[in-house]
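No hydrogens, no waters, no symmetry mates; every other heavy atom, side chains included, goes into these values. Nothing fancy with the numbering, it's 1 onward along the sequence.
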Amino acid sequence: FDADLPLPTRIVMGLSTGLQEHFLLVTAAVVGLYFALRVWRNSPSGRRITDRWRLAIPVIGRLSHLFAVSQFTRSLSVLLGGGIALGGFEPGWSDLDVCVVLRGDIGADLTARIGELHDEAERRFLVERAGGWRSTQLLEGACVPHDLVGVAGARGRFLQLDTGSCRIRDGDPVPGFERQVFAHHGIVLVGEPVGFARLTLEGLARSQAWLLEHLAVPATAHSAIMVAGLLQEAVRTLVCLSDGVLLDKTAALAREIDAGAAWSGACRVALAVRRAGSAEAASRRTELERASDRGRPSWTSWTQPRKSPEI
């Protein structure tokens, strides 16, 4: 047949032939474009344009604006961790794990200013439901002096951010699993990249022991949402400790259920609470208490690696 090929077919064939004949040139062009974009992104004009794009993202854009306004608080960087860094974030449903790294120490003036920012964010998203926010939780994290993020297990004075509270505490501001997430996958929302010291296997095991110590307390001593949170945190730390894999809470719980672990019953209840939302935890309190009691005998193995992970 002498009929001409359709235009789309000719375009595809031309691209294929061109790639085959000029593969090295195309590869060099792609690599060059990548580095050119990085240089442009770090230039004043590039930063302005990409920041404008980021501010247009629903919810995240508004939070970016709020944190950018807070630069007068001497923050060096604002990073996102948790589900949004690990790919398990559900807009309007998942809370945001945040670490604000500060240039200096925590002071009264700084605490007041960050408290105002915290309250403003909660008003917009938890009261006014901006961006279609449905969860009863918003932020979880800490404002940390820079010298505490570079040393794993370092303890000191920091400002803890939780839903409904913003308070000064002493201790390890970025413990266990969250330190691993920020070290490997932390997303810089505002400011400069920050190097987080990673935990050793022994350090992660100590963090897990702390979680299990709190779970060993009768479930009636904790609120329902705290029991669910401890279970979820312990399971994802278990997966990281045992297999060297960083997963969000939902994926970690599902992984242990699929594996038929001895504690899969507790995982099923914790996963049901996670999917139903924090507001539903109280209605499932009895299930949580029973699951915790049944899973307790197997917890001694939760700090024993199933293989040697590299974390």
Side-chain angles (χ1 to χ4, degrees), residues 38 41-42 44 47 50-51 54-55 57 59-86 89 94-122 137-163 165-200 203-204 207 233 237 240 246 248 311:
R38 286 191 61 179
R41 169 65 180 86
N42 292 325
R47 188 174 293 277
T50 53
D51 285 349
R54 183 173 57 192
L55 290 172
I57 302 173
V59 181
I60 299 299
R62 180 56 188 163
L63 285 173
S64 296
H65 174 70
L66 290 174
F67 280 121
V69 170
S70 74
Q71 286 299 290
F72 61 81
T73 63
R74 295 180 286 115
S75 62
L76 175 66
S77 184
V78 180
L79 297 99
L80 294 176
I84 198 166
L86 296 176
F89 182 74
S94 303
D95 59 358
L96 296 172
D97 292 278
V98 177
C99 185
V100 181
V101 181
L102 305 171
R103 297 182 185 278
D105 295 329
I106 301 290
D109 181 62
L110 178 61
T111 300
R113 291 176 183 272
I114 292 179
E116 292 173 2
L117 175 66
H118 175 272
D119 293 345
E120 168 70 4
E122 290 203 342
Q137 295 179 297
L138 179 63
L139 295 176
E140 181 178 328
C143 297
V144 186
H146 183 259
D147 58 358
L148 294 183
V149 304
V151 180
R155 303 177 68 84
R157 182 181 171 88
F158 67 97
L159 184 63
Q160 182 171 339
L161 303 174
D162 287 313
T163 299
S165 69
C166 182
R167 54 181 177 168
I168 294 288
R169 294 194 62 185
D170 285 301
D172 184 353
V174 194
F177 186 90
E178 286 304 327
R179 178 174 286 277
Q180 299 302 97
V181 175
F182 283 119
H184 288 273
H185 304 292
I187 299 172
V188 177
L189 186 63
V190 174
E192 309 166 14
V194 176
F196 280 75
R198 302 174 184 180
L199 281 182
T200 62
L204 194 61
S207 175
E233 190 73 28
T237 304
C240 180
L246 296 175
D248 68 272
I311 57 175

_Among V78, I84, L79, L138, side-chain contact (heavy atoms from CB on, under 4.5 Å) partner for V98_ = V78
_Interatomic distance, L161 atom CG to L117 atom CG [nearest 0.5 angstrom]_ = 8.5 Å
*asked:* Could you report the tightest heavy-atom contact between P193 and V188, atom names first, then the distance?
replied: CA-CG2, 3.9 Å
*Nearest non-hydrogen partners of V174 and F182, listed with the distance*: CG1-CD1, 3.9 Å
_Evaluation steps, side-chain contact (heavy atoms from CB on, under 4.5 Å), between I114 and I106_ = CA-CA 10 Å; I114 292 179; I106 301 290; 5.8 Å; no
*Nearest heavy-atom pair of Q180 and L246: which atoms, and what distance?*
CB-CD2, 3.7 Å
*Supply the atom-to-atom distance L159 CG to D105 CG, rounded to the nearest 0.5 angstrom.*
13.0 Å
*Between atom OG of S77 and atom CZ of R103, what is the distance when rounded to the nearest 0.5 Å?*
9.5 Å
*Grab the two heavy atoms, one from V181 and one from A85, that are nearest each other, plus how far apart they are.*
CG1-CB, 4.1 Å
*Would you name the heavy atoms of D162 and H118 that are closest together and state the gap between them?*
O-NE2, 2.8 Å
*Test D95 against T163 for side-chain contact (heavy atoms from CB on, under 4.5 Å), laying out the working first.*
CA-CA 9 Å; D95 59 358; T163 299; 5.8 Å; no
*Between R179 and R198, is a side-chain contact (heavy atoms from CB on, under 4.5 Å) present by the stated rule, with each step listed?*
CA-CA 7 Å; R179 178 174 286 277; R198 302 174 184 180; 5.9 Å; no
*What distance do E178 atom CD and D172 atom CG have between them, rounded to the nearest 0.5 Å?*
11.5 Å
*Nearest 0.5 Å please: distance from the CG atom of D97 over to the CZ atom of F177.*
9.5 Å
*How far apart are the C-alpha atoms of V101 and V144, what are their side-chain angles, what is the distance that settles it, and do they pass the side-chain contact (heavy atoms from CB on, under 4.5 Å) test?*
CA-CA 5 Å; V101 181; V144 186; 5.5 Å; no
*Can you measure from CD (E122) to OG (S165) and round to the nearest 0.5 angstrom?*
8.0 Å
_Non-hydrogen atoms of L148 and G156 that approach each other most closely_ = CD1-CA, 3.9 Å
*Please confirm whether the backbone N or O of L80 pairs with a side-chain atom of H185, one donor and one acceptor, at under 3.5 Å?*
no
